[in-house]
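Lettering follows sequence order; numbering is per chain, from 1.
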2 protein chains.
Amino acid sequence: MIKMKDVAIKAQVSQATVSRVINGTSYVEPETRQKVLDVIAELGYKGNSAAKSLSSKKSSIIAVILPDIANPYFSEILSVIEDEAYQSGYEIIFMNSQGNNHKEKKLVENILKYSPAGVLISPLDANANYLKKFLENNIPVVTITTLSKNFSGVSVDHKVGGELLAKHFASLGHVNIGYIGNKDEKFQGFKEGLQNLNIPLKDENCIGFYNYSSGNLKELVFSSMEEYLKERKSLDFTAIFTGNDIVAMEVINFFREKGIKVPEDIAVAGFDNITFTSYLSITTVAQPVREIAFLAYERLMREIKNGEKDIEHLKILPRLIPRDTTLKKLI
Amino acid sequence: MIKMKDVAIKAQVSQATVSRVINGTSYVEPETRQKVLDVIAELGYKGNSAAKSLSSKKSSIIAVILPDIANPYFSEILSVIEDEAYQSGYEIIFMNSQGNNHKEKKLVENILKYSPAGVLISPLDANANYLKKFLENNIPVVTITTLSKNFSGVSVDHKVGGELLAKHFASLGHVNIGYIGNKDEKFQGFKEGLQNLNIPLKDENCIGFYNYSSGNLKELVFSSMEEYLKERKSLDFTAIFTGNDIVAMEVINFFREKGIKVPEDIAVAGFDNITFTSYLSITTVAQPVREIAFLAYERLMREIKNGEKDIEHLKILPRLIPRDTTLKKLI
DNA sequence: TTGAAAGCGCTAACAG
DNA sequence: CTGTTAGCGCTTTCAA
């Protein structure tokens with residue numbers, strides 16, 4: 001690999017001057033500047049990230065930590081971030097926490113070795129202690145999907161999303177309603193939304209589990225549903241809201257195997273609006289993923305380049321996308 | 001950030017000794033060794049990648065360059081690689097070529113700055129000249145999905161996959177057959193497979209396009225199909241093989257909009273067996289993605305750690321997964 | 001406006 | 001078995 005010194009010698013200037021024209025850190029006589037540029041092109045000088053990072057104490061690496069890259073929702077996010085980073089001259093170190101808090105902690109520790117310029121993370125626990133390491137090391141962080149009091153972040157208003165679905169179910173005449181998924185913000189919104197409409201959401205109809213990894217999701221969904229069915233003989237609800245679209249697909253799959261028809265016997269709605277829900281015509285709540293990713297990246301850049309330090313929380317409003325799986329009116 | 005010297009001082013040894021216990025590069029008296037380890041734990045020493053990489057001239061970074069991370073086929077691959085890398089102490093720099101040769105070239109140049117320990121790439125063009133830079137810089141490369149004469153690689157035998165589908169269509173009695181997608185190896189296998197069964201695959205029924213990015217895929221598929229329909233009034237085939245599952249979904253979508261029923265009016269088969277095809281019950285050819293990714297990573301590790309330099313090409317056999325979209329027999 | 005020189009934190013001879 | 005020392009390629013004072 002050709003280095004600055006090689007360029008310097010060939011351009012008959014000092015290595016410091018080469019550094020200056022590359023980084024624009026101080027004025028260089030246009031002639032020498034051009035000469036250096038020519039030699040750089042001629043020799044195909046590329047630079048050495050390690051050396052640069054070591055002496056400048058900062059890198060052009062952005063760490064991206066996501067809970068489940070196999071979920072299209074997150075791969076779409078990564079896709080947007082990667083391209084933005086590419087266009088602005090950063091590289092992405094990607095890490096997949098797989099819904100595993102222990103792994104996420106390790107990942108955070110590992111990434112510190114690289115002095116990343118910034119971090120984009122969809123944290124499993126927005127208030128986890130190990131996230132504070134970024135604060136201590138003065139590394140800008142923007143959270144995606146979840147908001148943390150310590151960092152800027154961009155998310156969808158999940159609560160509103162839950163409420164939207166509550167209203168949707170209500171408008172279709174459902175009064176016995178179920179839920180399956182993480183008991184998170186959207187669940188809260190859903191529950192409160194139903195309460196405001198005087199529709200009870202019975203605890204025993206809320207099948208909770210905590211999961212991010214799509215690896216064993218099918219098993220998880222199937223065993224949870226089996227267990228539910230074992231306790232009572234049949235479904236005690238006519239509509240079910242699932243934590244996300246993938247869960248919705250699995251639930252529909254489960255119902256299909258059991259001979260339960262969607263939406264004739266039961267209405268199903270998901271959350272996220274990943275591409276594939278449209279093929280299956282699943283009712284869902286759309287998160288503008290690309291916008292979220294873009295806004296998060298943009299915010300991170302402002303923290304990196306302009307040193308903005310105030311904590312900014314963006315909550316984007318989701319919208320309901322009614323499709324076939326909730327087609328049937330009960331009234 | 002706490003550094004080796006800090007550890008050395010507190011442990012009352014030289015910095016070199018700390019380096020030795022960390023890297024195990026030479027024997028260290030068990031007592032001193034333990035003392036150093038204790039101090040490392042106490043101080044929470046993490047290390048500095050840039051410094052390590054600069055002085056050792058190698059990094060623990062593995063570059064992963066994929067054509068379309070939004071395609072679940074590739075996100076599954078990334079998921080496997082990331083976890084393997086995590087377990088063996090490497091970090092992933094992820095790059096998305098988006099089916100853009102120009103971008104891929106730039107990515108290859110960019111990654112050289114990091115002296116990656118190795119590269120896993122699903123190249124757009126296996127023989128692209130810029131890939132030789134890895135050879136010049138002595139960086140181990142393993143290709144995924146496509147094989148290159150210059151590097152080791154793991155792929156599915158796409159040709160066999162195409163043949164499998166040819167036989168499948170034939171066994172169902174189809175004689176007028178179409179294709180839509182990249183005119184690649186699986187297309188060749190498909191074509192030859194049909195030829196061997198004395199079924200012609202007319203050129204005008206082969207709708208070719210070159211695409212990797214799922215971004216504008218819908219448009220691409222729809223406009224290609226529209227064009228086809230404009231030229232002749234109706235479909236001149238009873239079964240169509242699509243380049244991959246996502247294309248299959250879009251084609252089915254298109255047919256649905258046109259009121260053409262699948263599989264009643266036309267049979268559709270995809271390729272890849274991404275998770276979502278099972279929900280839609282699309283006939284497809286399964287690529288054992290996780291195995292591919294795992295084998296590629298394993299091979300790369302052997303090149304990195306053991307310096308194996310021979311070129312090894314693994315071709316994994318795909319298998320046909322018949323499902324509902326090709327259910328109907330014509331004979 | 002430019003060059004010389006001192007590190008950045010670490011690895012890897014080289015002594016002893 | 002361990003300490004000393006010389007860089008790795010670059011950024012960044014400090015002078016001139």
Of the nucleotides [options], which one has an atom closest to the side chain of [X]?
X: S56(B); options: dT11(C), dA13(C), dC1(D); answer: dT11(C)
X: V28(A); options: dT2(C), dT2(D), dG7(C); answer: dT2(C)
X: M4(A); options: dT2(D), dG9(C), dC10(D); answer: dC10(D)
X: K52(A); options: dT11(D), dG9(D), dG3(C); answer: dT11(D)
X: K57(B); options: dG9(D), dC1(D), dC10(D); answer: dG9(D)
X: T32(B); options: dT2(D), dT11(D), dT11(C); answer: dT2(D)

Between [N] ([atom2]) and [X] ([atom1]): distance, integer Å:
X: Y27(B); N: dT2(D); atom1: OH; atom2: C1'; answer: 13 Å
X: M1(A); N: dC10(D); atom1: CE; atom2: P; answer: 10 Å
X: N48(B); N: dC8(D); atom1: CG; atom2: P; answer: 18 Å
X: Q15(A); N: dG7(C); atom1: CD; atom2: P; answer: 16 Å
X: L54(B); N: dA6(D); atom1: CG; atom2: C1'; answer: 13 Å
X: I9(A); N: dG9(D); atom1: CD1; atom2: P; answer: 12 Å
X: Y114(B); N: dG9(D); atom1: OH; atom2: P; answer: 17 Å
X: R20(B); N: dT5(D); atom1: CZ; atom2: C1'; answer: 12 Å

Does the side-chain hydrogen bond (donor to acceptor under 3.5 Å, both in side chains) test come out yes or no for S88(B) and Y297(B), once each step is laid out? CA-CA 11 Å; S88(B) 48; Y297(B) 188 82; 2.6 Å; yes
Taking all non-hydrogen atoms of both residues into account, name the closest pair between G153(A) and V142(A) and its distance. CA-CG1, 4.0 Å
Taking 4.0 Å as the cut-off, does a side-chain nitrogen or oxygen of S55(B) come that near to OP1 or OP2 on dC10(C)?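 For dC10(C), neither OP1 nor OP2 has a side-chain N or O of S55(B) closer than 4.0 Å.
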Does dT11(C) have OP1 or OP2 under 4.0 Å away from a side-chain N or O of S19(B)? yes
So do L314(B) and R299(B) actually touch side chain to side chain, heavy atoms under 4.5 Å?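 No; the side chains remain at least 4.5 Å from each other.
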Run the side-chain hydrogen bond (donor to acceptor under 3.5 Å, both in side chains) test on Y90(A) and S59(A) for me, step by step, so that the C-alpha distance in whole Å, both residues' side-chain angles and the decisive distance to 0.1 Å come before the verdict. CA-CA 9 Å; Y90(A) 287 83; S59(A) 72; over 6 Å; no
Using the six-membered ring of Y45(A), assess whether NZ or CZ of K3(A) lies under 6.0 Å from its centre and within 45 degrees of the ring axis. no
With a 4.0 Å cut-off on heavy atoms, is T17(B) in touch with a base, just the backbone sugar-phosphate, or nothing at all? sugar-phosphate
Return the 5'-most residue of the pair R33(B), A51(B) with respect to DNA chain D, ranking by each residue's nearest nucleotide.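 Comparing both residues, the 5'-ward one is R33(B).
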